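What follows is one structure encoded as structure tokens, with my remarks underneath.
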Amino acid sequence: MIVRYLSWDDYFMAIAFLSAERSKDPNRQVGACLVSESGIILGIGYNGFPRGCSDDDLPWAKKSLTGNPLETKYPYVCHAEVNTILNTNHASANGQRLYVTMFPCNECAKIIIQSGVKEVIYFVEKRLDNSDTIYAASRKLLSMANVSVRKHQPEMSQILIKFGER
């Protein structure tokens, strides 16, 4: 049997993807993992509504049938990056790395910068109509704040997790 070990980048990105599975968003599940310089996981998060706000009482729709923006998820959802930084185990995000399944929007970039994260490693960049400004602004802000940004290049296409005794 050949055993192949994960690179640290693959391992932490896999944690971000596993965290994304917790999201109840029917259109896009995003996850993130905050990691210390020494490789300790400090926090994980996914996109969802704020604590105490039921997933069943707020809309998950991307577009409103009536044109009312309050009938969409956008005014209510907390992004994975924000939840991860807020869910840390009381450690500072200052100087740490953030693994995220999707490139952060400009609003998340501001929080990433303010929290002191030094590097963002993302898996995919979202490109939708009229969203280029959001991601161009995010890139500009992260660059101006000297936050390193890189696209994750996985060494493996999938990871199998077996439950049971070893």
Side-chain angles (χ1 to χ4, degrees), residues 5-25 27-55 57-58 60 72-128 131-156 158-159 161 163:
Y5 294 96
L6 297 174
S7 70
W8 284 115
D9 275 351
D10 279 351
Y11 175 79
F12 295 126
M13 189 59 75
I15 299 290
F17 269 89
L18 194 57
S19 177
E21 293 292 318
R22 298 272 334 246
S23 174
K24 296 204 174 121
D25 190 327
N27 299 299
R28 186 170 310 274
Q29 292 78 34
V30 180
C33 179
L34 184 68
V35 180
S36 75
E37 292 179 273
S38 58
I40 296 169
I41 296 172
L42 303 174
I44 59 172
Y46 54 90
N47 57 320
F49 297 133
R51 285 188 185 111
C53 298
S54 172
D55 294 330
D57 294 338
L58 291 171
W60 282 110
T72 70
K73 65 182 176 178
Y74 299 111
Y76 309 109
V77 77
C78 294
H79 288 184
E81 301 91 332
V82 174
N83 279 330
T84 300
I85 291 167
L86 293 175
N87 288 339
T88 61
N89 61 359
H90 303 290
S92 170
N94 192 42
Q96 315 305 352
R97 291 173 288 153
L98 182 68
Y99 290 81
V100 63
T101 59
M102 182 176 292
F103 189 83
C105 71
N106 63 315
E107 293 299 321
C108 289
K110 294 177 207 175
I111 292 167
I112 288 166
I113 292 163
Q114 291 296 91
S115 72
V117 168
K118 74 169 185 177
E119 184 177 20
V120 173
I121 301 99
Y122 69 95
F123 187 75
V124 68
E125 190 159 3
K126 178 179 168 184
R127 290 286 181 193
L128 297 175
S131 69
D132 287 343
T133 302
I134 290 169
Y135 295 101
S138 178
R139 281 199 179 279
K140 183 174 184 174
L141 288 168
L142 292 167
S143 175
M144 289 175 73
N146 294 316
V147 175
S148 174
V149 175
R150 67 182 161 93
K151 183 171 179 17
H152 177 63
Q153 301 296 331
E155 294 180 19
M156 304 174 79
Q158 65 179 1
I159 298 170
I161 299 174
F163 291 104

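Values reported hereafter were calculated over all heavy atoms of this structure, with side chains retained and with hydrogens, waters and symmetry mates removed. Bear in mind the structure is a predicted one, so any value in this text is a computation, not a measurement.
- Within the model, atoms OH of Tyr11 and CD1 of Ile159 stand 10.0 Å from one another, a figure rounded to the nearest 0.5 Å.
- Annotation for Gly45 and Ala80: closest pair O-CB, 3.9 Å, computed over non-hydrogen atoms.
- Side-chain contact between Met102 and Tyr122 is absent, with no heavy-atom pair separated by less than 4.5 Å.
- Counting only heavy atoms from C-beta outward, the side chains of Pro104 and Val120 approach each other to under 4.5 Å.
- Cys108 contributes atom SG, which lies 12.0 Å from atom CG of Leu141 (distance to the nearest 0.5 angstrom).
- Closest heavy-atom contact between Ile85 and Ser115: CD1-OG, 3.6 Å.
- Contact check for Asp55 versus Phe49: side-chain heavy atoms found under the 4.5 Å cut-off.
- Between Phe12 and Trp8, the ring planes are parallel. Angles under 30° get that label, and only those over 60° would be called perpendicular.
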Any chance you could lay out the side-chain contact (heavy atoms from CB on, under 4.5 Å) test for Thr101 and Val124, step after step, and finish with the verdict? CA-CA 6 Å; Thr101 59; Val124 68; 5.9 Å; no
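- Put simply, the side chain of Gln96 gets close to the backbone of Asn94: a donor and an acceptor are under 3.5 Å apart.
- A 4.5 Å side-chain heavy-atom check between Cys105 and Ser138 finds every atom pair outside the cut-off.
- For the side chain to side chain contact (heavy atoms under 4.5 Å, CB included) with Leu34, the qualifying choice from Val100, Ile112, Thr84, Ile41 is Thr84, the only one to do so.
- Taking CZ from Phe103 and CD from Glu81, the interatomic distance works out to 9.5 Å, rounded to the nearest 0.5 Å.
- Partners of Asn87 according to the side chain to side chain donor-acceptor pair (under 3.5 Å) rule, which considers only residues two or more places apart in sequence or in another chain, are Arg51.
- In this structure the side chain of Leu58 reaches within 4.5 angstrom of the side chain of Cys53, judged on heavy atoms.
- For Lys151, there are no salt bridge (charged side-chain N to carboxylate O under 4.0 Å, His left out) partners, not counting sequence neighbours.
- Going from atom CD1 of Ile121 over to atom OG of Ser148 covers 7.5 Å, rounded to the nearest 0.5 Å.
- Without hydrogens or angle criteria, Arg97 side chain to Ser36 main chain gives a donor-acceptor distance under 3.5 Å.
- Note on Glu125 versus Arg139: salt bridge recorded, some NZ/NE/NH1/NH2 to OD/OE distance being below 4.0 Å.
- Here the side chain of Ser23 pairs a donor or acceptor atom with the backbone of Asn47 at under 3.5 angstrom.
- Residues meeting the salt bridge (charged side-chain N to carboxylate O under 4.0 Å, His left out) test with Glu37, sequence neighbours left out: Lys118.
- Environment of CZ in Phe17: crowded, with over 12 heavy atoms of neighbouring residues, nucleotides or ligands closer than 6.0 Å.
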What do the steps show when you test Asp9 against Tyr99 for side chain to side chain donor-acceptor pair (under 3.5 Å), and what is the final call? CA-CA 8 Å; Asp9 275 351; Tyr99 290 81; 2.5 Å; yes
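- Looking at Val82, Leu86, Val117 one by one, the single match for side chain to side chain contact (heavy atoms under 4.5 Å, CB included) with Ile111 turns out to be Val82.
- Considering every non-hydrogen atom in both Gly31 and Ala20, the closest pair reads N-CB, 3.4 Å.
- Residues Leu98 and Glu119 fail the side-chain proximity criterion, which asks for heavy atoms closer than 4.5 Å.
- Below 30°, between 30° and 60°, or above 60°: for Phe123 and His152 the angle between ring planes is between 30° and 60°, a tilted geometry.
- Nearest approach of Ile44 to Ser19, heavy atoms of both residues: CB-OG, 4.2 Å.
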List the steps, then state whether side-chain contact (heavy atoms from CB on, under 4.5 Å) holds for Lys73 with Asp25. CA-CA 9 Å; Lys73 65 182 176 178; Asp25 190 327; 2.6 Å; yes
Checking side-chain contact (heavy atoms from CB on, under 4.5 Å) for the pair Met13/Ile15: CA distance, chi angles, key distance, verdict? CA-CA 5 Å; Met13 189 59 75; Ile15 299 290; over 6 Å; no
